[in-house]
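A, B, ... follow the sequence lines: proteins, then strands. Residue 1 opens every chain.
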Amino acid sequence: MPELPEVETMRRGIAAVRGARVAEVVRPRSRLRPMTIEPAGPRLRARLRGAAITDVDRVGKRVVIGLDTGERLVFEPRMTGLVLLRDPPTDEHVRLRLALEGAAWPELIFWDRRGLGTVRLLDEAAFRAACGPPRLGPDALGLPAEALRARLEGRRRPIKVALLDQAALAGVGNIYAAEALHRAGLHPARPCDGIAPAEWAALHRALQGVLEEAIRARGSTLSDRTYRTAESAEGGFQASHRVYARAGQPCRGCGAAVVRIVQAQRSTFFCPGCQR
DNA sequence: CGTTCAACCTGGGCGC
DNA sequence: TGCGCCCAGGTTGAAC
């Protein structure tokens, strides 16, 4: 679920925990298979209790909590994870609760229905390995046009597949790759090594525009209504989707039916009339 | 290099 | 009601 705009919305939504100290760490028992929370066992609690939150950042699709111990707590929501201040959609899918003291808000919750997400407490070296190059490329938000092109051009793979490559640039997922390509008028199957300079420029404008608008709308809550902001509100950008999850419906630009294809085992939506 | 498949999980929706 | 499919914002590793 959460791509860059949704994770950025979560990050902004939990700003109130800055300055707090971790009073308690709770991993509720449940019938569900346990998801990845590291370190396992009592060691997470031992390392987190008493730590103060100094920063609330984002890298790609991850929320990064900086601590005065020098370690970082990294939340990776993957498909159905949420970083919440309040009102989790269900109790049984609450995977981690941090009780806080000394700040504007008393708790932080990680909720995940499918449990494919991860929470990891990392020291400086482990954080660099997990969230820096070559594992993750530069963040897509605010990436200069020349950098976008330099990171993606030259190879034969389809532009849609390249946009999803987190090692090339971090943060773009299935929704915003499709929406950016539609705005740029680029067919998702176009090989990167055949894209002209003017098309790279158009793609850069389209990508920055769609990410900024989606953040302003607090992200996209799809039809299963899983994604929520930290305050448990739905996002609003789904109403502005031009192609994503709209197979068979008319393109809002030219009226042609939106098509669904599969690339790299993921759905791709595009308009055959507008995208060449 | 590019592509394909399977796996990790839970749950909603659909056809029968 | 239930069963069996297919689908889903993501990532990883193996195989060809």
Which value, in whole Å, describes the distance between the P atoms of nucleotides C:dC6 and B:dC5?
14 Å
I'd like the P distance from C:dC5 over to B:dA6, given in whole Å.
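So the two P atoms sit 15 Å from each other.
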Nearest-Å distance for atom pair [atom1]/[atom2], residues [X] and [N]:
| X | N | atom1 | atom2 | answer |
| --- | --- | --- | --- | --- |
| A:Arg62 | C:dG10 | CZ | P | 13 Å |
| A:Leu136 | C:dG10 | CG | P | 14 Å |
| A:Ile175 | C:dC7 | CD1 | P | 18 Å |
| A:Arg246 | C:dC7 | CZ | C1' | 19 Å |
| A:Gln263 | C:dG10 | CD | C1' | 17 Å |

Using OP1 and OP2 only, check whether a side-chain N or O of A:Thr80 sits under 4.0 Å from C:dA8.
no
Between which nucleotides of DNA chain B, read 5' to 3', does contact with chain A run, using atoms under 4.0 Å from its heavy atoms?
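Using the under 4.0 Å cut-off, the span is B:dC1 to B:dG11.
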Secondary structure of DNA chain B in dot-bracket form (Watson-Crick or G-U wobble, distances below 3.5 Å, | marking inter-strand pairs):
.|||||||.|||||||
Salt bridge check, A:Lys61 against A:Glu76: does any charged N sit closer than 4.0 Å to a carboxylate O?
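Here A:Glu76 does not pair with A:Lys61 in a salt bridge, since their nearest N and O are not under 4.0 Å apart.
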Any side-chain heavy-atom pair from A:Val7 and A:Arg62 closer than 4.5 angstrom?
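Of all side-chain heavy-atom pairs linking A:Arg62 with A:Val7, none is under 4.5 Å.
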Donor + acceptor pair across side chains of A:Glu3, A:Tyr227 (<3.5 Å):
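No, because no side-chain N or O of A:Glu3 sits under 3.5 Å from a partner of the opposite role on A:Tyr227.
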Passes salt bridge (Lys or Arg N to Asp or Glu O under 4.0 Å), A:Glu24 versus A:Arg45? Steps please.
CA-CA 7 Å; A:Glu24 194 48 271; A:Arg45 182 170 181 252; 2.7 Å; yes
